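Here the structure comes first, spelled out in structure tokens, and everything after it is commentary.
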Protein chains: 2
Amino acid sequence: MSIITIKQIARDLGLSIATISKALRDGHDIGEETKKRVRAYALSVNYTPNPYASSLRKRKSKTIAVVLPEVTDSFFSKAINGIEVVAQMKGYHVLIYLSHESLLREQSILKDFQSGRVDGVLMSITTETECNSHIQELHARGIPIVFFDRVCNEIDTAKITTNDFESGYAVTSHLLESGCNKIGFLTISNCLPICMKRSAGYKKALIDHHMESKESDMILCSNNEEENYTLIKKILSQKKRPNGIIASVEKLSTTIYQVCKDIGLQIPNDIKVVCFSNQSTAAILNPSLTTVTQPAFEMGKTAAALLFKALEKTNLDLTKESVIIPSTLHIRESSVLAGISKTKNKLLQKEILIS
Amino acid sequence: MSIITIKQIARDLGLSIATISKALRDGHDIGEETKKRVRAYALSVNYTPNPYASSLRKRKSKTIAVVLPEVTDSFFSKAINGIEVVAQMKGYHVLIYLSHESLLREQSILKDFQSGRVDGVLMSITTETECNSHIQELHARGIPIVFFDRVCNEIDTAKITTNDFESGYAVTSHLLESGCNKIGFLTISNCLPICMKRSAGYKKALIDHHMESKESDMILCSNNEEENYTLIKKILSQKKRPNGIIASVEKLSTTIYQVCKDIGLQIPNDIKVVCFSNQSTAAILNPSLTTVTQPAFEMGKTAAALLFKALEKTNLDLTKESVIIPSTLHIRESSVLAGISKTKNKLLQKEILIS
DNA sequence: AATCTTTCCTTAAACGGTTAAGTAAATAAA
DNA sequence: TTTATTTACTTAACCGTTTAAGGAAAGATT
């Protein structure tokens with residue numbers, strides 16, 4: 001069976017191509033009888049319109065792009081889920097692109113979008129994205145862009161984030177109140193707004209608690225797991241090592257636990273650990289890990305919903321549509337005052353919506 | 001600046017549309033001088049060909065679809081990574097669709113592909129996919145399909161799997177050798193080949209070790225976390241509860257640990273636990289979790305590479321191209337003989353390639 | 001009876017590329 | 001010199017839709 005087109009249906013039913021097209025799209029100037037006949041026939045021959053012909057003509061692709069640094073951690077997995085749910089509901093298609101934390105790839109990915117391949121873009125930038133002319137250029141072409149999580153401040157459009165500053169503040173305060181007096185802050189970038197906000201919250205909390213905020217306590221990690229292991233091991237092996245540590249990205253938690261195991265540091269007695277993470281296993285780690293959980297699914301959903309809103313009404317000003325969805329602090333054993341971790345275990349499963 | 005097309009370039013350079021098209025694609029019957037001029041100009045005006053016009057004419061979309069049940073666990077995240085890496089290298093685009101374990105959605109997703117939206121499909125079927133006419137129909141249209149992980153046996157095409165039978169066998173043997181004599185096997189489907197193979201390996205191992213394989217030890221879990229919690233709790237609270245448990249899907253590990261914690265079962269002393277999982281946190285769980293790790297990234301990569309091979313040479317017979325990539329058994333504390341777990345900890349980090 | 005509407009359908013021109021077929025000029029072969 | 005070949009381009013059809021514009025027939029209005 002060859003591919004069935006509108007032209008074929010027209011021939012078969014003795015009607016014109018235009019009539020078929022309009023009948024299928026419920027055009028106003030087609031008789032009810034004809035509509036029924038056409039639709040019934042189209043169904044019977046299993047007609048599926050060619051999306052590319054339609055996209056070409058309408059200059060709309062019904063497709064969005066999602067550009068992510070990676071999809072290894074659970075944040076982006078969940079975000080994709082949220083995006084996909086909304087897209088499927090709206091009848092949109094989702095192209096996925098990974099920049100693998102490389103600015104070069106991000107640039108070439110966005111360059112391709114100039115072609116009109118997608119109607120809109122959802123993105124989270126790489127750690128390398130300091131120069132943003134490629135994004136600016138796409139934006140200038142009028143393609144709606146919604147950032148989520150890792151936003152680019154220089155582009156004037158909607159940004160879906162969580163309350164990173166407050167989260168950094170909350171988690172630091174929590175560690176201070178749990179008795180830490182030297183807290184290391186692990187980050188992966190000095191430029192990403194998300195990292196800057198979290199560390200700003202951290203610094204503010206230190207100041208508010210009359211503590212000194214030392215630059216040497218800010219530790220810049222890389223994308224290389226072994227390097228990170230070595231670095232963290234070095235930090236935690238110092239005489240004046242931190243007794244509290246904040247990992248601002250998920251993947252570092254495994255490394256920290258591994259280092260502590262290997263050099264014999266007891267969590268939380270010797271060192272307290274908290275992590276920005278969406279891992280479902282946090283609760284069953286040894287010891288269970290205190291986390292700041294981002295609303296990943298919600299953020300993806302919100303970002304997608306907003307993008308579609310922008311695609312549907314062209315006059316929407318995305319600039320004014322940014323959303324901040326609060327994170328949750330899950331206090332568990334890894335950050336708890338010495339002594340009570342085992343006994344008061346149950347009580348410690350505190351869940352606090354950060355505000 | 002309006003959108004720049006081949007037509008515009010032709011006008012600007014005083015050449016015909018055909019010349020521009022052929023010059024840009026390095027056609028053989030265009031003069032070197034002209035090619036240079038055209039390419040230089042195209043670059044200078046930042047020309048990007050309209051992919052939909054090209055797709056329409058060439059009847060090729062340079063796009064593949066990835067259809068997954070979900071993207072919550074690390075298996076599919078890593079698989080996507082593998083797929084995307086190959087696709088990006090080959091200049092293909094990746095549409096992602098989630099069936100959310102619903103046959104209905106899977107059907108409607110595949111139905112859309114009849115339109116020629118994608119050149120090929122990579123898929124992992126839902127737990128509900130027993131009827132497969134929708135896949136058959138797509139396959140009959142000549143769209144290459146490569147299954148990975150959750151394959152559909154009835155469709156005669158390439159399947160990228162891991163050695164599920166051997167993995168089930170290996171992990172069961174391991175538990176038996178660690179002293180278990182009643183092993184529960186948690187599964188999510190009685191139909192999915194992947195589940196059947198793993199459980200077949202489990203049963204074979206029991207028989208080879210002269211043990212009885214009881215149907216009551218096969219536990220069918222659902223997609224609902226709370227239901228699973230209740231079910232597993234019930235099983236583990238019985239008087240004649242298992243002293244070994246195999247979770248054939250990743251997400252169940254958290255539930256099992258939670259149940260054990262809640263009803264006071266000590267892993268591995270009271271019960272030994274192993275899980276088919278790619279979680280990076282397995283090593284730092286409490287206790288560290290013995291896992292069968294699937295080569296997720298590799299599987300994604302291989303599946304994608306194979307699909308592109310099929311797309312490039314039309315005469316390739318996908319039927320003969322299935323690949324089995326072995327899993328790895330990581331033996332950790334959760335499945336270890338009583339007593340030695342803490343002391344011989346280091347030695348226990350055994351990693352065995354299953355063959 | 002003549003004109004105006006309305007209804008329902010058709011014609012044909014897009015959309016932006018690709019490509020088979022044709023052609024004019026320059027070069028080579030007879 | 002005539003004919004064949006090569007080179008470098010153009011013309012025009014085509015991919016499958018959408019849609020503005022037009023038109024014939026029937027019914028309504030004057």
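Given the structure is predicted, the values throughout are model-derived calculations rather than measurements. Computed from heavy atoms alone, side chains included, the values below leave out hydrogens, waters and symmetry copies.
With sequence neighbours left out, B:K78 forms a salt bridge (charged side-chain N to carboxylate O under 4.0 Å, His left out) with no residue at all. Residues forming a ring-ring contact (aromatic ring centres under 6.0 Å, His included) with B:Y52 (at least two apart in sequence, or on another chain): A:Y52. Under the ring-ring contact (aromatic ring centres under 6.0 Å, His included) criterion, B:F308 pairs with B:Y92, not counting sequence neighbours. Under the salt bridge (charged side-chain N to carboxylate O under 4.0 Å, His left out) criterion, B:E298 pairs with no residue, sequence neighbours left out. Checked against side chain to side chain donor-acceptor pair (under 3.5 Å), A:K62 has no partners two or more places apart in sequence or in another chain. Legend: residues meeting side chain to side chain donor-acceptor pair (under 3.5 Å) with B:S16, ordered by chain and number and at least two apart, are B:T19. For B:F113, the ring-ring contact (aromatic ring centres under 6.0 Å, His included) criterion is met by B:Y97, not counting sequence neighbours. Scanning for side chain to side chain donor-acceptor pair (under 3.5 Å) contacts around A:D12 gives A:Q8, A:Y41, with sequence neighbours left out. The side chain to side chain donor-acceptor pair (under 3.5 Å) search around A:Q88 returns A:E84, B:R105, not counting sequence neighbours.
Side-chain atoms of A:E106 come within 3.5 Å of backbone atoms of A:T126 as a donor-acceptor pair (strictly under, hydrogens ignored).
Residue B:S16 has a polar side-chain atom (N or O) positioned under 4.0 Å from OP1 or OP2 of D:dT10. Within the 4.0 Å cut-off from OP1 or OP2 of C:dC15, not a single side-chain nitrogen or oxygen of A:K60 is found. For D:dT18, the OP1/OP2 oxygens have no side-chain nitrogen or oxygen of B:Y52 closer than 4.0 Å. Put simply, A:T5 has no side-chain N or O that comes within less than 4.0 Å of OP1 or OP2 on D:dG16.
In this entry the distance linking NE2 of A:H28 with C1' of D:dT18 reads 14 Å, nearest Å. Across the protein-nucleic acid pair, B:N50 atom CG and D:dG16 atom P stand 16 Å apart, rounded to whole Å. Atoms CZ (A:R117) and C1' (C:dG16) sit 14 Å apart, rounded to a whole Å. The interatomic distance linking A:I6 (CD1) with D:dT19 (P) rounds to 11 Å, in whole Å. Rounded to an integer number of Å, the gap from B:L56 CG to D:dT18 C1' is 12 Å. Going from atom CD1 of A:I20 over to atom C1' of D:dT18 covers 14 Å, rounded to whole Å. Atom CD1 of A:I30 and atom C1' of D:dT19 are 12 Å apart (whole Å). Here the P atom of nucleotide D:dC9 and the NZ atom of B:K36 are 13 Å apart, to the nearest Å.
Inter-axis angle, ends of the helix from C:dA1-D:dT30 to C:dA30-D:dT1, five pairs per end, rounded to 10 degrees: 60°.
Between B:G31 and B:R59, the one whose closest nucleotide on DNA chain D sits nearer the 5' end is B:G31.
For CD of A:E312, the number of neighbouring non-hydrogen atoms (other residues, nucleotides, ligands) closer than 6.0 Å is greater than 12.
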Show the distances under 3.5 angstrom between N or O atoms of the protein and N or O atoms of nucleotides 24-27 of chain D.
none

Please write out the pairs of protein N or O atoms and N or O atoms of nucleotides 19-24 of chain C separated by less than 3.5 Å, giving the distance to one decimal.
from   : atom 1 : to    : atom 2 : distance (Å)
C:dT19 : OP2    : B:R25 : NH1    : 3.1

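The residue A:P49 sits close only to the backbone: its heavy atoms come under 4.0 Å of sugar-phosphate atoms, none of a base. Among the protein residues, B:T34 comes within range of the sugar-phosphate backbone only, with heavy atoms under 4.0 Å from sugar or phosphate atoms but none that close to a base.
Among the nucleotides D:dT17, C:dG17, C:dG16, the one closest to the side chain of B:I3 is C:dG16.
Closest of all the heavy-atom pairs between B:L311 and B:P144 is CD2-CG, 3.7 Å.
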